[in-house]
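In what follows, a single structure is set out as structure tokens and then discussed.
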Amino acid sequence: MEFKDKVAVVTGGSKGIGESTAKAFSAQGAAVVVVDIDAEMGNQLVETLNKNGGKAIFVKADVSKAAEVQEIPKAALAAFGGIDILYNNAGIQHYGNVVTTPEDEWDYVMGVNLKSIYLCSKYCIPEMIKRGGGAIVNTASVQSFACQPDVAPYTTSKAGILALTRSIAVDFAKENIRANAVCPGSIKTPMLQYAADNLATPEKSPDDLFKEWGSFHPLGRVGEAPEVAELVLFLAGPRSSFITGAAYIIDGGLMSTFF
Ligand code: NAD
């Protein structure tokens, strides 16, 4: 029960990596604030966590919108009395290069993936300071370092997350707040399933694509969301007390190889 008496906010918590991490925090004793635009899946998850003896609430918020983000600390305070951990994980993928990406799509990807971390940190950090400090973990990507074709806004937002993580780490170290990033390779979540469904052809099924993408990772497979959750919990908890401003790659070796 490493996170007993702690309160963790998890954005993009309804599905995928966020869902797995919310479950892991809850299993380790944290009260969890699940934030997402998907209320159906979010409420279902919160119900499950509470049924299993945990403490959890759902907050419906688009993390790219300041007015909605401001509701997150209010809800956390009302339900659990404060915030100790902020996991900025919500993210979206839109495919396109700088010529084909419409301006509104560029702005939305930047808003959800990058500005959201500014907004959630802006409104949650004051509450963390009142508790004597805490930890922030941000989901970046291997695409913070290298990219596939046609992901201009995504890769830009994910690279920006590393700079913002360092900036938060430097600015709030004296308040006992640490900030780190996790950089996953391909992880089997609804986001990756969506990509596989879209790229599938009569010759190549989504499962064939998962196998092909897995083969690019030296460990020979794509990752699973609970594997990322393990790293997030490590970076959010006392076992990583001297780690801040860092970016941790979790990619089955993908960034270590040309193929
Ligand atoms: P997912 O699509 O399975 O889950 C993302 C969740 O975020 C969903 O529940 C969705 O409703 C929510 N969300 C989307 N827009 C939102 C918004 N504006 N406000 C609040 N919530 C919103 O995705 P995932 O694969 O679990 O990805 C989680 C994070 O991990 C993302 O930041 C993604 O970029 C990153 N990532 C994923 C992979 C991968 O292969 N799956 C790899 C590297 C990085």
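Start at 1 and go down the list; that is how both ligands and their atoms are numbered. Residue numbers run from 1 in the order of the sequence given.
For C183, the heavy-atom gap to ligand 1 stays at 4.0 angstrom or more. Heavy atoms of S64 stay at 4.0 angstrom or farther from ligand 1. Remark: distances from the non-hydrogen atoms of W213 to ligand 1 are all 4.0 Å or more. At least one heavy atom of A61 sits less than 4.0 Å from an atom of ligand 1. In this structure, K158 is part of the shell of residues with a heavy atom less than 4.0 angstrom from ligand 1. For the ligand labelled ligand 1, residue T11 lies outside the 4.0 Å heavy-atom shell. Under the 4.0 angstrom criterion for non-hydrogen atoms, G223 is not in contact with ligand 1.
Not one N or O of I92 is nearer than 3.5 Å to an N or O of ligand 1, by distance alone. Backbone and side-chain nitrogen or oxygen atoms of D62 are examined, and one is located within less than 3.5 angstrom of a nitrogen or oxygen of ligand 1. On a distance-only criterion, V35 and ligand 1 share no N/O pair closer than 3.5 Å. For a threshold of 3.5 Å applied to N or O pairs, the pair formed by I17 and ligand 1 contains at least one separation below that value.
Neither the backbone nor the side chain of A225 has a heavy atom within less than 4.0 Å of ligand 1. Under 4.0 Å from ligand 1, not a single heavy atom of K188 appears.
Within the 4.5 Å cutoff, the side chain of L192 has heavy atoms near those of the F210 side chain. When side chains are defined from C-beta on, K122 does not count as touching V69, because their heavy atoms never get closer than 4.5 Å.
Looking from atom 38 (C) of ligand 1 to the surrounding protein, the closest heavy atom is G185 O, 3.9 Å. From the protein, the heavy atom lying nearest to atom 24 (P) of ligand 1 is T189 OG1, 3.5 Å. In this structure, the protein non-hydrogen atom closest to atom 2 (O) of ligand 1 is M191 CB, 3.4 Å. In this structure, the protein non-hydrogen atom closest to atom 43 (C) of ligand 1 is P184 O, 3.3 Å. The shortest contact between atom 31 (C) of ligand 1 and any protein heavy atom is with N89 O, 3.2 Å. The nearest protein atom to atom 8 (C) of ligand 1, hydrogens excluded, is given as D36 OD2, 3.5 Å; this is a heavy-atom distance. Atom 35 (C) of ligand 1 has as its closest protein heavy atom T139 CG2, 3.5 Å. The closest protein non-hydrogen atom to atom 34 (O) of ligand 1 is Y154 OH, 2.6 Å.
Under a 3.5 Å cut-off, the side chain of H94 and the backbone N or O of P153 do not form any donor-acceptor pair. Checking side-chain atoms of D36 against main-chain N and O of S14 turns up a donor-acceptor pair under 3.5 Å. Under the 3.5 Å distance criterion, the side-chain polar atoms of T21 are matched with a main-chain donor or acceptor of I17. Within the 3.5 Å criterion, the main-chain N or O of Y95 finds no donor-acceptor partner in the side chain of D150. Looking only at distances, a side-chain donor or acceptor of S144 sits under 3.5 Å from a matching main-chain atom of K158. At distances below 3.5 Å, at least one donor-acceptor pair connects side-chain atoms of T155 with backbone N or O atoms of Q143. Between the T165 side chain and the I161 main chain, a donor and an acceptor come within less than 3.5 Å of each other. Side chain of D107 to backbone of D104: no donor-acceptor contact under 3.5 angstrom is found. Although no hydrogens or angles enter the test, the distance criterion places no donor-acceptor pair under 3.5 Å between the side chain of N138 and the main chain of A181.
Summarising the geometry, atom CD1 belonging to I117 is positioned 7.5 Å from atom OG1 belonging to T139; distances are rounded to the nearest 0.5 Å. A distance of 10.0 Å separates CG in L209 from CD in Q193, rounded to the nearest 0.5 Å.
Numbered from 1 in the order shown, with element, the atoms of ligand 1 that lie under 4.0 Å from a heavy atom of G91 read 31 (C), 32 (O). The atoms of ligand 1 that sit less than 4.0 Å from any heavy atom of S141 are 43 (C), 44 (C). Close approach to S186 involves these atoms of ligand 1, each under 4.0 Å from a residue heavy atom: 40 (O). Near Y108, the atoms of ligand 1 lying under 4.0 angstrom from a non-hydrogen atom of the residue are 18 (N). The A140 neighbourhood of ligand 1 comprises atoms 44 (C), with distances under 4.0 Å to a heavy atom of that residue. For ligand 1 and A90, the ligand atoms under 4.0 Å from any heavy atom of the residue are 21 (N), 22 (C), 32 (O). In the vicinity of V63, heavy-atom distances shorter than 4.0 Å reach the ligand 1 atoms 17 (C), 18 (N), 19 (N), 20 (C). Of all the atoms in ligand 1, the ones that sit under 4.0 Å from a non-hydrogen atom of G16 are 3 (O), 26 (O).
Salt bridge status for K23 with E19: present, with a side-chain N to carboxylate O gap under 4.0 Å.
Tracing side-chain contacts under 4.5 Å through hydrophobic residues (I, L, V, M, F, W, Y), one never reaches V63 starting from Y154; they form parts of separate clusters. Clustering ILVMFWY residues whenever any of their side-chain heavy atoms sit less than 4.5 angstrom apart, transitively, puts F234 in the very cluster that holds I85.
When the side chain to side chain donor-acceptor pair (under 3.5 Å) test is applied to E2, the partners found at least two apart in sequence or on another chain are R239.
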